[in-house]
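Some notes on the structure that comes next.
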Amino acid sequence: MTRIAVVTGGSTPERDVAFAGAAQVVAALRGLGHTVIVIDTAAGVLDAAGEHRTLRPAVGREPPSAAVLADLRRRELGPRLVELGPIREADVVFPVLHGEQGEGGALQALFDLADVPYVGSGALGSALAMDKDVAKRLFRDAGIPTADWVMWPADATVITALGLPCVVKPVKVGSSVGLTVVRAAADLAPAVDLARTFDDEVMIEAFVPGREFTVGVLGDQALAVGEIIPAHEIFDYECKYTPGMTREVFPADIPAALTATLQDLALRTHHVLKLRDFARIDFRVAPGGTPYCLEANTLPGLTGTSLLPQSAAAAGLSFPELCEAICRQGLARGARRNKFPS
């Protein structure tokens with residue numbers, strides 16, 4: 001039996017997604033006999049009533065409002081998080097957080113400074129993957145195909161070179177929050193304004209038509225490739241978290257050669273960004289067959305409709321086995337740190 005602190009909630013637009021994933025993780029780990037304490041970074045340790053009220057498996061169609069998120073940010077524990085007894089006493093911390101606050105590297109750096117063992121990528125890998133601009137620069141340098149892009153503000157001629165449609169999105173936000181497919185030049189400015197409500201940096205990216213795929217990674221193993229077929233034109237927030245809004249095919253019905261290519265690219269992406277333990281890498285495959293890496297998710301969703309658990313299941317791992325395997329990696333790293341302190 002292991003003492004595990006699940007850190008969740010947060011004050012990003014993906015707060016509800018984090019709670020839905022935490023509900024699954026907590027149930028799985030307790031079912032395996034582990035002692036699990038749940039901590040909301042904006043509310044502290046949750047008692048049984050707090051868990052019952054907060055850990056809901058369903059995610060709403062829209063993220064929390066800006067006013068709600070602003071109030072939550074004022075209540076964030078910040079560095080005080082590592083002073084909590086359950087954090088100090090845990091054998092390992094399992095973050096179930098999304099967005100820059102949980103995946104951007106600051107939380108991981110805090111855990112490192114406090115010598116708290118945790119699962120998932122470290123501070124550097126988390127920061128590299130969270131910043132889509134930096135990540136795409138690394139993809140390009142490593143020969144991993146990725147769509148052309150520019151950062152806003154950009155010269156009109158550069159934007160024209162990308163062509164229409166194009167994709168406008170915040171640089172450091174996940175779950176397609178604030179993302180718009182722009183089809184007319186007149187719609188570009190409103191799309192940028194929307195993205196800037198979620199982040200201070202905005203990216204304009206060439207739209208890649210074709211099919212969307214995802215690959216889970218566990219340790220140094222690429223899991224099953226899945227195809228994502230959303231009800232909307234893009235895999236947006238509603239399609240991601242509303243049951244029935246997306247058809248996900250695991251394993252994807254594609255030639256073996258394409259499966260191998262996507263798995264290889266997923267592992268290369270994982271290594272280029274210095275990720276560890278687990279991740280999910282997303283791709284678009286153009287009609288001509290060229291795969292383009294969209295992004296890497298260092299703390300991928302773990303809800304009832306999430307893709308990493310489906311990728312693992314298609315590779316023969318149940319959800320509790322996936323959670324156990326993730327925890328084992330964090331525990332092993334903590335044991336090595338105790339044996340060979342820096």
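We find that Lys136 and Glu205 are joined by a salt bridge, their nearest charged nitrogen and carboxylate oxygen being less than 4.0 Å apart. A salt bridge links Glu51 to Arg30: at least one charged side-chain nitrogen sits closer than 4.0 Å to a carboxylate oxygen. Salt-bridge formation is not detected for the pair Arg137/Asp141: no Lys NZ or Arg NE/NH1/NH2 atom is positioned less than 4.0 Å from an Asp or Glu carboxylate oxygen.
Side-chain contact check for His271 and Asp220: at least one donor-acceptor pair (N or O, by modelled atom type) lies under 3.5 Å. One side chain, Thr303 or Ser306, offers a donor N or O that lies under 3.5 Å from an acceptor on the other.
Of all non-hydrogen atoms in Cys323 and Phe94, the two that sit nearest each other are O-CE1, 4.1 Å.
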Applying side chain to side chain contact (heavy atoms under 4.5 Å, CB included) to Asn297 and Thr214, what does each step give before you reach the verdict?
CA-CA 10 Å; Asn297 301 270; Thr214 191; 6.0 Å; no
Show your reasoning for whether salt bridge (charged side-chain N to carboxylate O under 4.0 Å, His left out) applies to Arg211 and Asp253.
CA-CA 12 Å; Arg211 300 163 70 182; Asp253 184 15; over 6 Å; no
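Atom CZ of Arg196 sits in a sparse spot, with 12 or fewer heavy atoms from other residues, nucleotides or ligands closer than 6.0 Å. A 6.0 Å sphere centred on CZ of Arg56 holds no more than 12 heavy atoms belonging to other residues, nucleotides or ligands. Counting heavy-atom neighbours within 6.0 Å of Asp148 CG, excluding the residue itself, gives a total of 12 or less.
Annotation: the span from Leu223 atom CG to Leu307 atom CG amounts to 12.0 Å, rounded to 0.5 Å.
In this structure a side-chain-to-backbone donor-acceptor pair under 3.5 Å is present from Thr12 to Glu14.
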